[in-house]
A.B. asks: 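Please see the structure below; I have some questions.
What you are looking at is a predicted structure, and each value in this text was computed from that prediction instead of being measured.
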Amino acid sequence: MTGPQPAPRIAVPDAIDPAALIGFDPQAPVVQFGGATMGTTWQVRAALPPALGLDTATLRMLVQARLDGIVQDMSHWEPQSDLSRFNRAHAGSVCALSPDMVRVMAEALSVAQATDGAFDPAIGRLTDLWGLGPNTVSAPPTPGDIGHALRGSGWTRLQFDPLRSTLRQPGGLWLDLSGIAKGFAVDAVADLLWQHGLNHCLVEIGGECVGRGMRPDGDPWWVDVENPEGLPLPRLRVALHGLAIATSGDYLRGAHTLDPRTGYPAVHSTTAVTVVHPDCMSADAWATALSVMGFSAAQRCAVREHVAVRIVSRDNGEWLSPALAAMMDLEPA
């Protein structure tokens with residue numbers, strides 16, 4: 001029989017935004033509804049004031065339609081998606097982007113530049129080679145295949161014009177936004193709920209979450225960070241009041257994240273990376289990028305870029321960045 005569990009460590013935002021309390025109703029019931037998207041599940045918990053005149057069936061329909069639209073825009077699994085049409089476009093084609101795609105590409109390229117390509121939205125050829133997309137493979141790719149795919153990939157080959165909402169296809173390049181699109185979808189659902197008067201909610205897609213406002217009982221939306229099995233780590237609980245959280249790593253599905261710089265799976269001592277950020281799109285991309293880097297390189301990057309992150313290593317235990325330590329009122333490591 002096990003004894004009582006120690007209290008979790010708590011991470012909270014630096015300040016409470018008064019605007020985030022608009023529409024707060026301590027009597028509002030909390031409703032829960034969900035569905036499926038992007039090969040996983042989505043779930044919403046929200047304070048639903050009766051005065052809004054909305055029911056969960058209507059809200060579920062609205063959210064599912066929004067998510068289906070994002071899939072139709074950005075999925076490399078859907079042959080008729082806008083992303084897939086870009087991947088098939090002829091060299092020199094200038095493709096119009098949706099407002100959603102403009103936002104995602106702008107952030108993807110920003111993180112790619114900040115991480116020297118550890119995050120790269122233009123590695124669709126490589127993920128296809130490794131069977132990480134809709135096309136199955138019977139064996140790992142050869143070094144020659146990887147070298148060929150690398151030469152035709154890479155974010156630096158893209159010509160993105162956010163003012164004109166266009167992206168130029170350099171020829172043979174395939175996008176893969178799986179390291180950022182799910183986070184964007186989490187934000188998009190929270191924004192949709194806000195537009196319908198649900199200012200206080202927790203949105204989760206495949207383990208990535210964003211919290212807006214407060215629970216009716218006055219608490220923030222609490223989320224516990226999952227610990228990799230077998231590692232004796234203290235618990236970490238995050239108050240998602242205007243914050244998002246995303247985790248990447250190999251502790252659940254193995255080495256499924258590719259290093260865009262080498263074309264091979266990123267295999268090293270890091271097993272889990274959890275990023276806390278004001279928006280889930282950025283948290284998703286940064287978690288992916290830092291999980292690609294080795295433990296020490298990820299530490300240096302997180303400090304330089306002021307990323308709030310917990311990095312778990314099989315060899316070195318847990319490291320908290322100064323930005324996350326400050327949220328926990330700890331001295332940085």
A.B. asks: Got a sec, which pairs hit ring pair (Phe, Tyr, Trp, His ring centres under 6.0 Å) with one end in residues 183-228, sequence neighbours left out?
C.D. replies: Phe24-His200

A.B. asks: Do Ser153 and Asp120 come within less than 4.5 Å of each other through their side chains, counting heavy atoms only?
C.D. replies: no

A.B. asks: Find out whether Val309 and Trp319 are in side-chain contact, i.e. whether some heavy atom of one side chain is under 4.5 Å from a heavy atom of the other.
C.D. replies: yes

A.B. asks: Are there over 12 heavy-atom neighbours, none belonging to Asp116, within less than 6.0 Å of that residue's CG?
C.D. replies: no

A.B. asks: Stepwise, does the salt bridge (charged side-chain N to carboxylate O under 4.0 Å, His left out) test hold for Arg85 with Asp82?
C.D. replies: CA-CA 5 Å; Arg85 284 197 286 271; Asp82 291 346; 2.3 Å; yes

A.B. asks: Do you know the tightest heavy-atom contact between Pro228 and Leu233?
C.D. replies: CD-CD1, 4.2 Å

A.B. asks: Between Ser98 and Asp100, does any side-chain donor sit less than 3.5 Å from a side-chain acceptor?
C.D. replies: no

A.B. asks: Decide yes or no for Leu177 and Met105: does some side-chain heavy atom of the first lie under 4.5 Å from some side-chain heavy atom of the second?
C.D. replies: yes

A.B. asks: If only side-chain N and O atoms count, and only distance matters, is there a donor-acceptor pair under 3.5 Å linking Asp191 with Gln195?
C.D. replies: no

A.B. asks: Would you say that more than 12 heavy atoms from the other residues, nucleotides or ligands in this model lie under 6.0 Å from the CD of Gln113, or not?
C.D. replies: no

A.B. asks: Would you say the side chain of Leu97 lies within less than 4.5 Å of the side chain of Phe86, judging by non-hydrogen atoms?
C.D. replies: no

A.B. asks: Could you verify whether a donor N or O on one side chain and an acceptor N or O on the other, from Thr37 and Gln64, lie under 3.5 Å apart?
C.D. replies: no

A.B. asks: Atom CZ of residue position Arg157 - does it have more than 12 heavy atoms of other residues, nucleotides or ligands inside 6.0 Å?
C.D. replies: yes

A.B. asks: Met327 pairs by side-chain contact (heavy atoms from CB on, under 4.5 Å) with which of Ile10, Leu320, Leu243?
C.D. replies: Leu243

A.B. asks: Going by atom types alone, do Glu78 and Gln72 pair a side-chain donor with an acceptor below 3.5 Å?
C.D. replies: no

